[in-house]
2 protein chains.
Amino acid sequence: MNLKELSARLGLSQTTVSRALNGYPEVSEATRKRVESAARRYDYRPNPGAKSLATGKTMAIGHVIPVSTRHEIVNPVFADFIAGAGEVYARNGYDMRLTVVPDDDEDHAYREIAARGSVDGIIVHGPRPDDPRVKLLTEIGLPFVVHGRTSTQDETINWVDVNNRRAFERATNFLLDFGHRRIGLVNGLETMDFAMRRRQGYCRALEARGLALDPELMAAEEMTETSGYRAARRMLAAPAPPTAFLASSIISAAGVRRAITDAGLVMGRDISVVIHDDDLGYMKNGEDEPIYTATRSSVRAAGRLCAELLLDIIAEPGQNPRHLLLDADLVLGRSTGPAPGGAGG
Amino acid sequence: MNLKELSARLGLSQTTVSRALNGYPEVSEATRKRVESAARRYDYRPNPGAKSLATGKTMAIGHVIPVSTRHEIVNPVFADFIAGAGEVYARNGYDMRLTVVPDDDEDHAYREIAARGSVDGIIVHGPRPDDPRVKLLTEIGLPFVVHGRTSTQDETINWVDVNNRRAFERATNFLLDFGHRRIGLVNGLETMDFAMRRRQGYCRALEARGLALDPELMAAEEMTETSGYRAARRMLAAPAPPTAFLASSIISAAGVRRAITDAGLVMGRDISVVIHDDDLGYMKNGEDEPIYTATRSSVRAAGRLCAELLLDIIAEPGQNPRHLLLDADLVLGRSTGPAPGGAGG
DNA sequence: AACATCAGCCAAACCGCTTTGGATTTGATT
DNA sequence: AATCAAATCCAAAGCGGTTTGGCTGATGTT
């Protein structure tokens with residue numbers, strides 16, 4: 001069923017039917033009711049291609065999902081982020097368009113998407129410090145929101161981010177207060193902006209207490225169980241092993257935990273662990289009481305916020321850039337305790 | 001840059017330029033070269049809306065991602081599945097369109113997608129036994145491939161599935177051969193077709209040896225760490241605890257493992273664990289040597305196969321229904337051993 | 001009664017592409 | 001030289017919507 005048929009059946013012009021359905025005032029309430037009920041009866045849906053051609057809007061948002069070229073993995077937070085964003089799109093009649101791309105080819109993918117003009121806006125995932133995609137999209141003039149930040153051009157663009165530095169500074173201070181002096185950082189790849197900030201928070205807390213930074217206690221790898229395991233095992237095997245770990249995700253924390261168990265230690269008693277918890281649906285940090293002490297910030301909520309912000313920008317262009325800096329909660333779990341034989345807080 | 005401008009610049013008609021770019025023979029090689037180089041120079045891309053309007057094809061595939069209404073979780077295998085399918089789409093110039101939907105509203109979502117006609121085909125996720133979506137899509141005539149099976153209409157439709165029954169039957173036999181007699185099944189929700197088949201495989205193996213089925217040893221919940229933990233803890237606390245577990249995913253296995261550790265037992269020594277391993281990129285089952293003994297089948301590969309099959313069907317309609325039944329590998333890890341004090345295999 | 005106003009509707013143009021049905025030119029054939 | 005076929009190219013008609021610029025008839029004003 002298309003517009004032509006529908007209007008023929010109604011004995012009306014296409015103009016009137018289109019206007020009736022799109023809420024224009026030049027149509028009497030009586031006819032509008034009649035048109036709407038007919039549209040429902042015949043299950044009429046405007047063809048999206050035709051509509052986009054006529055209006056210039058595609059009612060679609062593009063997401064580019066980078067796949068790590070090195071390890072063929074796609075970041076597991078995407079599932080939750082997408083779920084959050086998808087909710088918002090569904091509520092607003094928007095479509096989500098996904099492109100899966102090796103992470104060394106992202107620029108090309110964005111350029112491609114922009115040139116084809118098949119979306120009204122883009123959400124940028126996994127920004128690097130000083131990310132070239134930002135300049136690209138700004139030049140093109142395609143509305144976009146960055147999930148995370150890019151360090152340099154922050155003022156001029158729209159983004160939603162967790163206050164990663166603050167979160168890790170707090171987590172580190174928490175451990176320091178417990179008397180821990182050697183804290184192992186099991187971070188994500190520090191080519192990612194968020195991982196860089198987390199390390200900054202960690203370092204800042206240590207330096208504020210006049211503690212030296214030990215490169216042996218800082219790992220930066222993909223956030224997988226295996227990487228977490230390897231990093232923690234290496235640190236634990238060193239002459240001066242850490243008494244606590246700070247892990248960048250609940251998944252790498254699983255590896256950290258395995259290394260701890262392997263070493264014959266008990267988490268929460270012999271050794272403390274604090275994680276950053278993205279509050280993933282399928283990887284909850286416990287139920288009522290958290291398993292791990294954590295800095296927590298829901299990535300699904302971030303997805304929602306990014307999508308809402310983007311739709312808002314599309315609806316009302318020309319606003320000043322907007323930023324949402326979310327603070328992570330510090331939740332207490334059973335994975336932390338005083339440093340064994342430590343000096344105390 | 002659109003066709004009209006491009007052809008004006010070239011001093012050719014839109015017809016000729018369009019034909020040159022789409023590989024039609026009615027155009028001399030010389031002009032084709034000229035057109036192609038101009039298209040490249042001006043970075044011309046045909047407008048997808050216009051193209052789809054003119055051709056009737058959208059060059060897009062729809063995926064509906066159900067979100068559990070009960071626990072707000074989206075199945076973590078999607079990330080990998082989508083990565084696999086996305087590769088194939090990218091190679092073939094197709095777009096992926098995602099819709100995120102509460103899992104009690106999926107039918108409506110499919111109907112909506114079909115009515116709007118914004119995709120050339122659909123991949124059906126998470127089929128239930130005798131799933132109504134299959135009938136719906138068949139009626140509508142939209143090409144589709146099911147990831148998994150629906151038990152009843154299997155012969156008439158296209159699907160890609162792992163031989164789940166066989167996999168779990170083999171896994172159970174493996175444990176039985178080791179002398180285990182009480183094996184706890186930590187399954188996914190058995191409203192899912194794949195989970196049902198897994199239980200069937202488990203039961204069949206037990207019955208083949210004349211062993212009674214104990215409902216206390218069968219759990220069927222969402223495949224989260226927490227659910228796995230709860231199920232395993234309950235079973236371990238029972239009067240006659242299991243000496244082995246069969247877990248439906250590496251994530252619920254993490255919970256099983258936590259319950260085992262909590263009970264003061266050592267996995268692989270005191271108690272055995274076999275898992276089904278979807279070979280998720282961010283949740284690898286070890287590196288060289290698997291952590292868990294597992295039935296392994298890459299969900300990412302399944303995504304690739306589903307997409308390839310669907311594109312094939314779209315390109316050549318009217319073929320007989322095609323089925324791909326993938327066999328899972330049984331890989332040996334360090335999580336299994338003989339039943340303690342058991343009768344031996 | 002003459003005129004302006006306005007609500008309600010419509011015909012036709014347009015969005016950017018593909019494709020049908022010629023038109024023109026070229027080269028070979030007789 | 002006349003004829004025919006093949007090779008190239010083009011104008012125009014869709015595809016299914018939205019939107020511009022009228023047109024008509026009823027109402028209100030003077």
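First the proteins, then the strands, lettered A, B, ... as listed; each starts at 1.
Taking a 4.0 Å limit (strictly below) on heavy-atom distances, residues 21-35 of chain B reaches DNA chain C at B:Asn22, B:Tyr24. Within residues 6-17 of chain B, the residues that have a heavy atom under 4.0 Å from DNA chain D are, in order of number, B:Gly11, B:Leu12, B:Ser13, B:Thr15, B:Thr16. Scanning residues 112-121 of chain A for heavy-atom distances under 4.0 Å to DNA chain C yields an empty list. DNA chain C lies under 4.0 Å from at least one heavy atom of each of the following residues of residues 48-58 of chain A: A:Leu53, A:Ala54.
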For residues 110-126 of chain A, tabulate all N or O donor-acceptor pairs below 3.5 Å that involve a side-chain atom, not counting sequence neighbours.
unit_1   : atom_1 : unit_2   : atom_2 : d
A:Tyr110 : OH     : A:Arg133 : NH1    : 3.3
A:Glu112 : OE1    : B:Arg45  : NH2    : 2.8
A:Glu112 : OE2    : B:Arg45  : NE     : 2.9
A:Arg116 : NH2    : B:Asp95  : OD1    : 3.0
A:Asp120 : OD1    : A:Thr58  : N      : 2.8
A:Asp120 : OD1    : A:Thr58  : OG1    : 2.9
A:Asp120 : OD2    : A:Thr58  : N      : 3.1
A:Asp120 : OD2    : A:Met59  : N      : 2.7
A:His125 : NE2    : A:His63  : ND1    : 3.0

When the side chains of residues 135-146 of chain A are checked against the rest of the protein, which donor-acceptor pairs come out under 3.5 Å, sequence neighbours left out?
unit_1   : atom_1 : unit_2   : atom_2 : d
A:Thr138 : OG1    : A:Val134 : O      : 2.6

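For the helix from C:dA1-D:dT30 to C:dT30-D:dA1, the terminal axes (five pairs an end, C1' atoms, rotation from four pairs onto the next four) enclose an angle of 60°, given to 10 degrees.
Looking at A:Glu26 and A:Arg32, no side-chain N of the basic residue comes within less than 4.0 Å of a carboxylate O on the acidic one, giving no salt bridge. A salt bridge links B:Arg128 with B:Glu106: the distance from a Lys NZ or Arg NE/NH1/NH2 to an Asp or Glu carboxylate oxygen falls below 4.0 Å.
Remark: B:Ala54 engages no residue in a side-chain contact (heavy atoms from CB on, under 4.5 Å) (not counting sequence neighbours). For B:Glu36, the salt bridge (charged side-chain N to carboxylate O under 4.0 Å, His left out) test picks out no residue, with sequence neighbours left out. For B:Asp105, the salt bridge (charged side-chain N to carboxylate O under 4.0 Å, His left out) test picks out no residue, with sequence neighbours left out.
Boundaries of the chain B contact region on DNA chain D are D:dT8 to D:dG16, first to last in 5' to 3' order (nucleotide atom under 4.0 Å from a heavy atom). From the 5' end on, the contacts that DNA chain C makes with chain B at under 4.0 Å to a non-hydrogen atom open and close at C:dG16 to C:dG21.
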